[in-house]
Amino acid sequence: MPLRDLHDADNLPALDRTYVRQRPALGLGANDPAPRILLLYGSLRERSFSRLAVEEAARLLRLFGAETRIFDPSTLPLPDQVVGDDHPAVHELRELALWSEGQVWCSPERHGQITGIMKAQIDHLPLEMRGMRPTQGRTLAVMQVSGGSQSFNAVNTLRLLGRWMRMFTIPNQSSVAMAYKEFDDTGRMKPSSYYDRIVDVMEELVRFTVLMRPHAAQLVDRFSERKQAGVPVDPASDLSSIAIAPQGEPT
């Protein structure tokens, strides 16, 4: 099963808990069931900094009351490499996307862009699949790691892709410069402003996911999709028609 186990899931040595709100979305909507967050990373290196950053993000999300799953792309074929994309890793990725309410995408910056591994995962997620849409209406947080100075090329591309996939990308983002300096020998992130920004981003992702939870379907309801599916609007049950109908006249 292409999921990564999260070791030390509840150990957060770089976090100053003095300033932590453990339920950052409290009062914004129903926190039960736990927000479901899928995390993707973009490198197959044994010491992959995008994976390590995603693992730190997952630990924080767990602290904030979310349920997390990290997809392991190591067995994922290239798009169109397998006829009909009939491959266990592709099926699992799509099922995880359908399971999720929100996602985290983290890519290394390579040659000024996201990696092929990152793009391949997104390319395997169709806009529509058997009448279901595995990304539409989900929240999205974007992050990147760089080997050199701080850059925003990868997160900018991830934002563009998130918009294309009809996701609600949160305003905050994370870009970790010289990532090889930011993790210790055990793969844990050191205390720093970069780590604090990841805390900010995960707090915000949980808030937006809970806030939008009851409204996501309405926010992505589209005329063109209703027309394509042949689903007419019933004026008797359409709240917008009822609201704007002249008083005293039938709706």
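Positions are given from 1 along the sequence.
At a threshold of 4.5 Å between side-chain heavy atoms, the hydrophobic network of Ile, Leu, Val, Met, Phe, Trp and Tyr places Leu160 and Val155 in two separate groups. Hydrophobic cluster membership differs between Trp105 and Leu39, with clusters built from Ile, Leu, Val, Met, Phe, Trp and Tyr side chains linked at under 4.5 angstrom. Neither Met212 nor Leu38 shares a network with the other; the hydrophobic side chains, linked directly or stepwise wherever heavy atoms of I, L, V, M, F, W or Y lie under 4.5 Å apart, form separate groups for each.
Across every non-hydrogen atom of Gly42 and Ile117, the tightest pair is O-CB, 3.8 Å. Contact detail for Leu127 and Pro134: the closest heavy-atom pair is O-CD, 3.9 Å. Across all non-hydrogen atoms, the minimal contact from Tyr41 to Gln121 is O-NE2, 2.7 Å. In plain terms, the two heavy atoms of Ala141 and Ile170 that are nearest each other are CB-CD1, 3.9 Å. Of all heavy-atom pairs spanning Leu125 and Ala97, the tightest one is CD2-CB, 3.7 Å.
A donor-acceptor contact closer than 3.5 angstrom is absent between the side chains of His91 and Asp85. Side chain to side chain, Arg222 and Gln136 meet the donor-acceptor criterion of an N or O pair below 3.5 Å. For Ser146 and Gln144, the side-chain atoms include at least one donor-acceptor pair closer than 3.5 Å. Residues Ser43 and Ser50 bring no donor and acceptor atom of their side chains to less than 3.5 Å of each other.
Ion pairing between Asp123 and Lys119 holds under the 4.0 Å rule for side-chain N and carboxylate O. In this structure, Arg59 does not pair ionically with Asp8, as no charged nitrogen and carboxylate oxygen lie closer than 4.0 Å. Residues Arg62 and Asp10 are paired through a salt bridge, judged by an N-O separation under 4.0 Å between the basic side chain and the carboxylate. The pair Arg94-Glu92 does not count as a salt bridge, with every side-chain nitrogen at least 4.0 angstrom from each carboxylate oxygen. Ion pair Arg188/Glu55 not flagged as a salt bridge, since none of the NZ, NE, NH1 or NH2 atoms sits closer than 4.0 Å to an Asp/Glu carboxylate oxygen. The existence of a salt bridge linking Glu225 and Arg166 is confirmed by a sub-4.0 Å separation between a basic side-chain nitrogen and an acidic carboxylate oxygen. The pair Glu101-Arg213 meets the salt-bridge criterion, with a side-chain N (NZ, NE, NH1 or NH2) lying under 4.0 Å from an Asp/Glu carboxylate O.
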(Q) Could you walk me through whether Glu109 and Phe152 satisfy the side-chain contact (heavy atoms from CB on, under 4.5 Å) test, starting with their C-alpha distance in whole Å, then the side-chain angles of each, then the deciding distance to 0.1 Å, before giving a yes or no? (A) CA-CA 9 Å; Glu109 182 177 312; Phe152 302 96; over 6 Å; no
Q | side-chain contact (heavy atoms from CB on, under 4.5 Å) evaluation trace for Tyr19 with Val199 | A | CA-CA 11 Å; Tyr19 307 100; Val199 180; over 6 Å; no
(Q) Let's go through Val176 and Met143 carefully: what are the C-alpha distance in whole Å and the side-chain angles of both, what is the deciding distance for side-chain contact (heavy atoms from CB on, under 4.5 Å) to 0.1 Å, and is it a yes or a no? (A) CA-CA 8 Å; Val176 181; Met143 308 197 303; over 6 Å; no
Q) Can you list the steps and then say if Met178 with Gln150 is a side-chain contact (heavy atoms from CB on, under 4.5 Å)? A) CA-CA 8 Å; Met178 298 187 204; Gln150 192 172 43; over 6 Å; no
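Heavy-atom contacts from other residues, nucleotides or ligands closer than 6.0 Å to CZ of Arg47 number more than 12. For Trp164, the CH2 atom counts as loosely surrounded, since its 6.0 Å shell holds 12 or fewer non-hydrogen atoms of other residues, nucleotides or ligands. Other residues, nucleotides and ligands contribute over 12 non-hydrogen atoms within 6.0 Å of the CG atom of Asn11. Sparse packing is recorded around CZ of Arg197, with 12 or fewer heavy atoms of other residues, nucleotides or ligands lying under 6.0 Å away.
Interatomic distance, Asn172 CG to Glu204 CD, rounded to the nearest 0.5 Å: 4.5 Å.
You'll find the ring centres of Phe49 and Tyr180 outside the 6.0 Å limit.
Taking the side chain as every heavy atom from C-beta outward, Thr169 and Phe208 never approach each other to under 4.5 Å. Side-chain contact between Leu63 and Gln22: present, with at least one pair of heavy atoms (C-beta onward) separated by less than 4.5 Å.
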